[in-house]
Amino acid sequence: MEISRTGHLLQESGASDAVPTAPMPLWLGALWLVAGGVAAQILAAVGGLVLARWVGPSGYGFYTAAFALSSVFAYAAPLGLDSIVPRQIARRPETAGTVAVSALGPVLAWLPLLVLLIGGTGFLLGYSQEFLRLLFLAAWITGLRGLVNLLRAVLRGKERMDQDAVVQVAEGGLVLVGMVIGLWLAPTVWNALRFTLLAEALALVLVGLWVGRALHLPRWDGALAWRMTAEALPLSLTFTLIGLGIRLDTLALSLFRPASEVGLYGAAVGVVMLTRSLSTMAAAFLPRLSNLAAWDPPSFIQVRDRVFRWMLAMGLGLGLFITLLAPFLIQVLYGPAYTEAVPALRVLGCMSAALFVNTGFWQVLIARRDHRAIVVSAGVALLASLLLAAILIPGWGAMGAAIVALSRETIQTALLARPAMRS
């Protein structure tokens with residue numbers, strides 16, 4: 001038995017996991033998570049830049065479209081358990097090993113079904129055989145990344161953001177090396193994805209061994225696995241809707257426009273995603289917010305307001321930076337072949353402020369168990385995006401896709417603000 005930092009008693013008879021050390025300061029945890037996210041995103045961006053320059057806008061368009069579709073299901077890959085596990089561990093740290101093992105089983109069983117779901121969706125949308133071959137590779141990569149994210153969730157639940165940062169960098173580094181080797185052996189998108197898959201599998205094995213060593217005598221708890229999965233499935237569905245909304249602009253563009261234009265738009269999205277890694281700092285607050293929501297509501301409100309201020313300031317600053325320097329960023333990062341991506345990037349820069357705020361709102365609502373607000377906002381934004389995509393993208397192409405993306409994030413901000421900021 002011990003007294004927690006918020007003053008309540010935690011007692012767990014027969015708990016098998018070691019009592020964790022005191023968590024690092026909140027600001028330091030956020031800093032570590034941001035550092036890891038930025039480093040990993042930079043590595044991913046370098047891989048994308050190497051691929052884009054090597055295969056050109058058309059080949060990069062196939063790559064962008066394949067990952068746009070498979071990434072719709074990125075949040076569903078761990079069944080939403082990567083959001084439940086940190087909260088579960090934060091509230092009962094002594095059960096971390098049991099929570100981790102119990103969450104891993106359902107996700108492993110779901111993985112092959114996820115791959116078939118992604119591939120089947122591409123088939124139903126009428127993509128070519130060449131594209132479907134790439135899509136199945138992207139689907140397996142997405143599934144393995146979901147497993148890595150689940151293991152990272154264990155570290156976040158224990159508030160070991162420093163170790164989570166190391167995992168992100170290690171995974172990103174392995175994937176970058178794999179992609180470069182694949183392109184060096186044969187400069188095709190197919191070969192780049194094959195070696196990316198091998199690198200992702202290696203990363204999963206290494207991360208699993210590392211995280212497993214820190215869990216003292218973990219055991220399977222079927223009842224706990226069922227409870228967590230039942231609680232996580234609504235989140236998984238919700239974030240899949242959000243994932244569809246986020247990728248809808250690219251998917252619609254790939255259905256209506258040639259691969260070269262998809263590649264140009266992918267370059268603009270790639271710049272925004274590079275800065276979006278900073279929004280991962282919001283995940284550092286989830287364990288603390290979950291604990292305070294249950295035991296100390298006044299302190300919860302203070303931390304929530306701090307999260308909101310930080311996310312808003314970062315989003316506005318980065319959005320202005322991207323919008324003003326769009327031509328420079330495209331020229332330096334992608335080269336003259338991608339100059340036509342500049343107008344879309346200016347619009348997507350405006351979108352980033354809302355995206356940052358929404359990421360913070362999600363953590364607050366998950367901590368409060370107010371999943372309904374996330375579902376409603378995601379559903380409304382998706383419906384509005386579908387309508388706008390059908391109207392704008394066939395005629396306006398990449399610029400229409402960027403406007404769809406901006407509208408989506410703005411609608412979600414408007415719908416999430418009230419439930420997230422209520423006292």
Exercise. Under 3.5 Å, is there a donor-acceptor pair linking the side chains of Tyr127 and Ser254?
Worked result: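 Result is yes, a qualifying pair exists.
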Exercise. Do Asp82 and Tyr75 have a side chain donor and acceptor closer than 3.5 Å?
Worked result: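 The answer is no; no qualifying pair exists.
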Are the side chains of [Y] and [X] in contact, using a 4.5 Å heavy-atom criterion?
{"X": "Tyr338", "Y": "Leu333", "answer": "no"}
{"X": "Arg145", "Y": "Ile141", "answer": "yes"}
{"X": "Val99", "Y": "Ile84", "answer": "no"}
{"X": "Val55", "Y": "Tyr63", "answer": "no"}
{"X": "Leu43", "Y": "Val175", "answer": "no"}
{"X": "Met351", "Y": "Val272", "answer": "yes"}
{"X": "Trp54", "Y": "Met179", "answer": "no"}
{"X": "Leu144", "Y": "Leu111", "answer": "yes"}

For this session: Give the minimum heavy-atom separation between Tyr265 and Ala405, together with the two atoms involved.
Result: OH-CB, 4.1 Å
Can you measure from [atom1] ([X]) to [atom2] ([Y]) and round to the nearest 0.5 angstrom?
{"X": "Leu318", "Y": "Thr323", "atom1": "CG", "atom2": "OG1", "result": "10.5 Å"}
{"X": "Ser236", "Y": "Phe73", "atom1": "OG", "atom2": "CZ", "result": "10.5 Å"}
{"X": "Leu329", "Y": "Leu345", "atom1": "CG", "atom2": "CG", "result": "6.5 Å"}

Might you confirm whether atom [atom1] of [X] has over 12 heavy atoms from other residues, nucleotides or ligands at distances under 6.0 Å?
{"X": "Glu231", "atom1": "CD", "answer": "yes"}
{"X": "Trp210", "atom1": "CH2", "answer": "yes"}
{"X": "Arg372", "atom1": "CZ", "answer": "no"}
{"X": "Trp220", "atom1": "CH2", "answer": "yes"}

For this session: Ignoring hydrogens and angles, tell me if any N or O in the side chain of Ser71 forms a donor-acceptor pair with the backbone of Ala74 under 3.5 Å.
Result: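 Such a contact is absent between Ser71 side chain and Ala74 backbone.
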